[in-house]
Amino acid sequence: MFDIKWIRANAETFDRSMSRRGLGPQSAALLELDDARRKTVADMNALQERRNAASKQIGQAKASGDEEKFKAIMAEVGSLKDEVQALEDKERAQTEALTDALLQLPNLLRDDVPDGGSEADNVERGNYSEPTQFNFAAREHWELGEAAGHMDFETAAKISGSRFVVLRRDLARLERAIGQFMLDLHTQEHGFTEVSAPLLVREEALYGTGQLPKFSEDAFATTDGRWLIPTSEVSLTNLVRESIVDAAELPMRVTSLTPCFRAEAGSAGKDTRGMLRQHQFWKVEMVAVTTPDKSDEEQEYLLSCAENVMQKLDVPYRVLRLCAGDMGATMQRTFDIEAWLPGQDAYREISSVSVAGDWQARRMNARYRNKDGDLDYVHTLNGSGVAVGRALIAVMENYQQQDGSIRIPDVLRPYMGGQEQIDGPA
RNA sequence: GGAGAGGUGGCCGAGUGGUCGAAGGCGCUCCCCUGCUAAGGGAGUAGGCGUCAAAAGCGUCUCGAGGGUUCGAAUCCCUUCCUCUCCGCCA
């Protein structure tokens, strides 16, 4: 959500950002709406002032017993009332129209976000180790899992439909181990506070983080008007909604391990095989709330935390600086971490680390008191740390052995009762 | 599901149809005082919008939200959302 006053003062910057997002210039239409609104406000205020003054005189007239004056002013106020009412209605409608328009707009882009229209234009920012090499043909995760009998899409389809999976035995445990490991890493080494927050949220929470109003088709709604979270970014970021955060408590860093639910509308036919793209998956999320001057470095910090997960798992990855056309609407700058998947012979997204600036904070009305003692909006950031389902895939494919067994990364063994590998087909 | 209570400033909390954006307290800021600290004394301290280059000032709106009664509503009425308590049910 944008501050219309900021748009008026920075129309060019604003329009350039929108253009880079593939939208036309937006400021002119918005400012026109706002000009009309402000004119109404001015008229309304003037009338209200007259009404208020007249009301006071009525009180005085009545007190002094001046019946004639009393009636005269009453008459004036009577007509003023309707006019004021009309202007108030007009003002409300105009403000609502402006707010609705502002709510639709994507976030600003930071200057260092590369231009580009698709993922092809993302810029590599660095990587960690070379792609894993095998002296046998690498299998995809679902081949490994189905062959060993602990990854079952058929049964999942009977229960829930496509894009669901049933994991059994060691693989179910490995999924749990990955989540536990990452959560412990963030809480014990990275300074995050673990949070267990709702998975079912009000519509307002999704407006706050920006999934609504534009992306309702991506999430699942319940029959009572609530929504299943598409990411715990929603629950965690909204922790500060409608509040004034104590500046001494910033940066606030929270993390949680939760299921995420996504409708995946519009990705029909994409990644249909395996568990890369599911309607339900586990994810460890990191959310940070900080002051505006600290959000850039905070994003670097979140990225380093996510990278640390990958390094400890010892899975090859690269970091991308997402281009304008590939970025989500709610963020100002995004770094993706892509894990190397030998079975696919490709890097695939496993984490996304973004800074939203004050865009979400304005929607949530989340503020803090700055050094001058004035209220200002906080900056919010989030990053996957990392997606559990995809980490499971990455571990399976990178740690696979010729016989279809899978070695267990060192850091996960404590969470697997010391087990060193998951056996392949019997 | 049944019955009840309540939503007021950063927080707690008082509040009667008018002079209330709102007592008091806490917190915070500044000043005074004491060698330092603690304690004490004094002053200040809601937010949004509009106007303004900006600040000040001025105007206006806001006591959950929306509507109504009234010359006038935090206060009365209606609707609605939310929170809490008790009972029932339940992991």
Side-chain angles (χ1 to χ4, degrees), chain A residues 1-11 30-103 196 198-208 212 222-227 238-250 252 259 289 291 358 361-378:
Chain A
M1 175 90 151
F2 288 97
D3 176 9
I4 188 67
K5 284 186 281 190
W6 184 90
I7 293 177
R8 193 180 309 123
N10 301 276
L30 293 166
L31 291 178
E32 197 175 314
L33 273 178
D34 187 49
D35 286 342
R37 186 196 121 259
R38 285 192 297 156
K39 189 183 176 306
T40 306
V41 167
D43 293 348
M44 180 182 75
N45 282 354
L47 269 190
Q48 285 170 329
E49 188 177 356
R50 270 174 61 202
R51 180 200 60 191
N52 292 346
S55 288
K56 236 170 233 169
Q57 290 177 321
I58 288 177
Q60 290 164 357
K62 206 175 185 186
S64 67
D66 188 340
E67 269 305 306
E68 223 165 276
K69 192 177 177 190
F70 176 75
K71 280 180 181 159
I73 303 172
M74 286 275 277
E76 194 203 345
V77 170
S79 69
L80 273 180
K81 237 180 112 171
D82 292 340
E83 290 179 59
V84 168
Q85 183 66 47
L87 280 173
E88 283 175 350
D89 291 345
K90 188 177 174 188
E91 188 274 339
R92 188 174 305 125
Q94 288 178 322
T95 299
E96 195 185 325
L98 181 62
T99 303
D100 286 350
L102 290 172
L103 280 172
S196 174
L199 308 178
L200 222 43
V201 300
R202 310 168 153 281
E203 179 181 83
E204 288 86 341
L206 284 164
Y207 270 93
L212 291 179
T222 62
T223 51
D224 71 349
R226 278 179 252 263
W227 297 76
N238 276 283
L239 286 174
V240 295
R241 73 174 291 119
E242 291 160 52
S243 71
I244 294 171
V245 188
D246 186 350
E249 287 169 16
L250 301 177
M252 181 187 98
V289 176
T291 51
D358 65 7
R362 286 181 182 280
R363 291 170 162 248
M364 296 188 298
N365 197 20
R367 297 175 294 176
Y368 77 105
R369 219 168 266 285
N370 65 24
K371 289 193 182 83
D372 299 328
D374 296 324
L375 290 173
D376 196 4
Y377 292 98
V378 296

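Reminder, nothing fancy here: chain letters follow the sequence lines and each chain counts from 1.
Following rounding to the nearest Å, A/Gln48 (CD) and B/rG72 (C1') show an atom-to-atom distance of 15 Å. Taking atom CG on A/Asp246 and atom C1' on B/rC11, their separation rounds to 12 Å, with Å as the unit. With rounding to whole Å, A/Glu88 atom CD is found 9 Å from B/rC61 atom C1'. Look at CG on A/Asp35: it is 11 Å from P on B/rG50, rounded to the nearest Å. For A/Arg50 and B/rC58, the CZ to C1' distance is 18 Å, given to the nearest whole Å. Taking atom CZ of residue A/Arg362 and atom P of nucleotide B/rG48, one finds them 11 Å apart after rounding to whole Å. Atom pair A/Leu87:CG and B/rG50:P shows a separation of 16 Å (rounding to whole Å applied). Following rounding to the nearest Å, A/Asn365 (CG) and B/rU62 (P) show an atom-to-atom distance of 18 Å.
Residue A/Arg202 places at least one side-chain N or O closer than 4.0 Å to OP1 or OP2 of B/rC82. Within the structure, a side-chain polar atom (N or O) of A/Arg37 is placed less than 4.0 Å from OP1 or OP2 of B/rG50. Note on A/Lys39: every side-chain N or O is 4.0 Å or more away from OP1 and OP2 of B/rG50.
For A/Asp374, there are no side chain to side chain donor-acceptor pair (under 3.5 Å) partners at least two apart in sequence or on another chain. A search for salt bridge (charged side-chain N to carboxylate O under 4.0 Å, His left out) contacts involving A/Arg369 returns nothing, not counting sequence neighbours. Every residue two or more places apart in sequence or in another chain was checked for a side chain to side chain donor-acceptor pair (under 3.5 Å) with A/Asn10, and none qualifies.
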Atom pairs under 3.5 Å: protein N/O with N/O of nucleotides 51-53 of chain B:
unit_1	atom_1	unit_2	atom_2	d
B/rU51	OP1	A/Arg38	NH1	3.0
B/rU51	OP2	A/Arg38	NH1	3.4

Identify all pairs in which a protein N or O lies below 3.5 Å from an N or O of nucleotides 8-10 of chain B, and state each distance.
none

Contacts under 3.5 Å, N or O only, protein and nucleotides 64-70 of chain B:
unit_1	atom_1	unit_2	atom_2	d
B/rG67	OP1	A/Arg92	NH1	2.9
B/rG67	OP1	A/Arg92	NH2	3.3

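Nucleotide B/rA53 is matched to nothing when pairs are restricted to Watson-Crick or G-U wobble geometry with both distances under 3.5 angstrom. When both distances must be under 3.5 Å, the Watson-Crick or G-U wobble mate of B/rG6 is B/rC82. As the counterpart of B/rG88, no nucleotide is assigned, since no Watson-Crick or G-U wobble pattern has both distances under 3.5 Å. Nucleotide B/rA73 has no partner under the Watson-Crick or G-U criteria, as no pair reaches both atom distances under 3.5 Å. Taking a pair to require two hydrogen-bonding distances under 3.5 Å in either a Watson-Crick or a G-U wobble arrangement, B/rG40 pairs with B/rC32.
Smallest separation of non-hydrogen atoms from A/Val240 and A/Ala366: O-CB, 3.4 Å. Between A/Met364 and A/Gly208 the shortest heavy-atom distance is CG-CA, 3.6 Å. Here the closest non-hydrogen pair linking A/Val84 and A/Gln48 is CG1-CG, 4.0 Å. The shortest heavy-atom contact between A/Ala361 and A/Val378 is CB-O, 3.1 Å.
Residue A/Glu204 places its CD atom among more than 12 non-hydrogen atoms of other residues, nucleotides or ligands, all under 6.0 Å distant. At most 12 non-hydrogen atoms from other residues, nucleotides or ligands lie less than 6.0 angstrom from CZ of A/Arg226.
When the P atom is used for both B/rU85 and B/rG47, the distance is 32 Å, rounded to whole Å. Between B/rA46 and B/rA56, the two P atoms lie 13 Å apart (nearest whole Å). Distance check on atom P: B/rC77 versus B/rG6 gives 12 Å, rounded to whole Å. A gap of 8 Å separates the P atoms of B/rC63 and B/rU75, to the nearest Å. Look at the P atom in both B/rC82 and B/rG68: the space between them is 23 Å, to the nearest Å. Annotation: B/rG67 and B/rG57 have their C1' atoms spaced 35 Å apart (nearest Å). Taking the P atoms as reference points, B/rG72 lies 36 Å from B/rA53, given to the whole Å. Taking atom C1' in both B/rU8 and B/rA23, the straight-line distance is 12 Å, to the nearest Å.
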Could you please spell out the steps behind the side-chain contact (heavy atoms from CB on, under 4.5 Å) verdict for A/Leu375 and A/Tyr368?
CA-CA 6 Å; A/Leu375 290 173; A/Tyr368 77 105; over 6 Å; no
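A residue-by-residue look at A/Ala46 and A/Lys5 shows that A/Lys5 has its nearest nucleotide of RNA chain B further toward the 5' end.
By the 4.5 Å heavy-atom criterion applied to side chains, A/Glu91 and A/Asp43 are not counted as neighbours. Proximity of A/Val245 to A/Met252: side-chain heavy atoms (C-beta onward) are nowhere separated by under 4.5 Å. With contacts defined as side-chain heavy-atom distances shorter than 4.5 Å, the pair A/Asn238/A/Leu206 does not qualify.
Partner of A/Gln94 under the side-chain contact (heavy atoms from CB on, under 4.5 Å) criterion, chosen from A/Asp34, A/Thr40, A/Asp89, A/Val41: A/Thr40.
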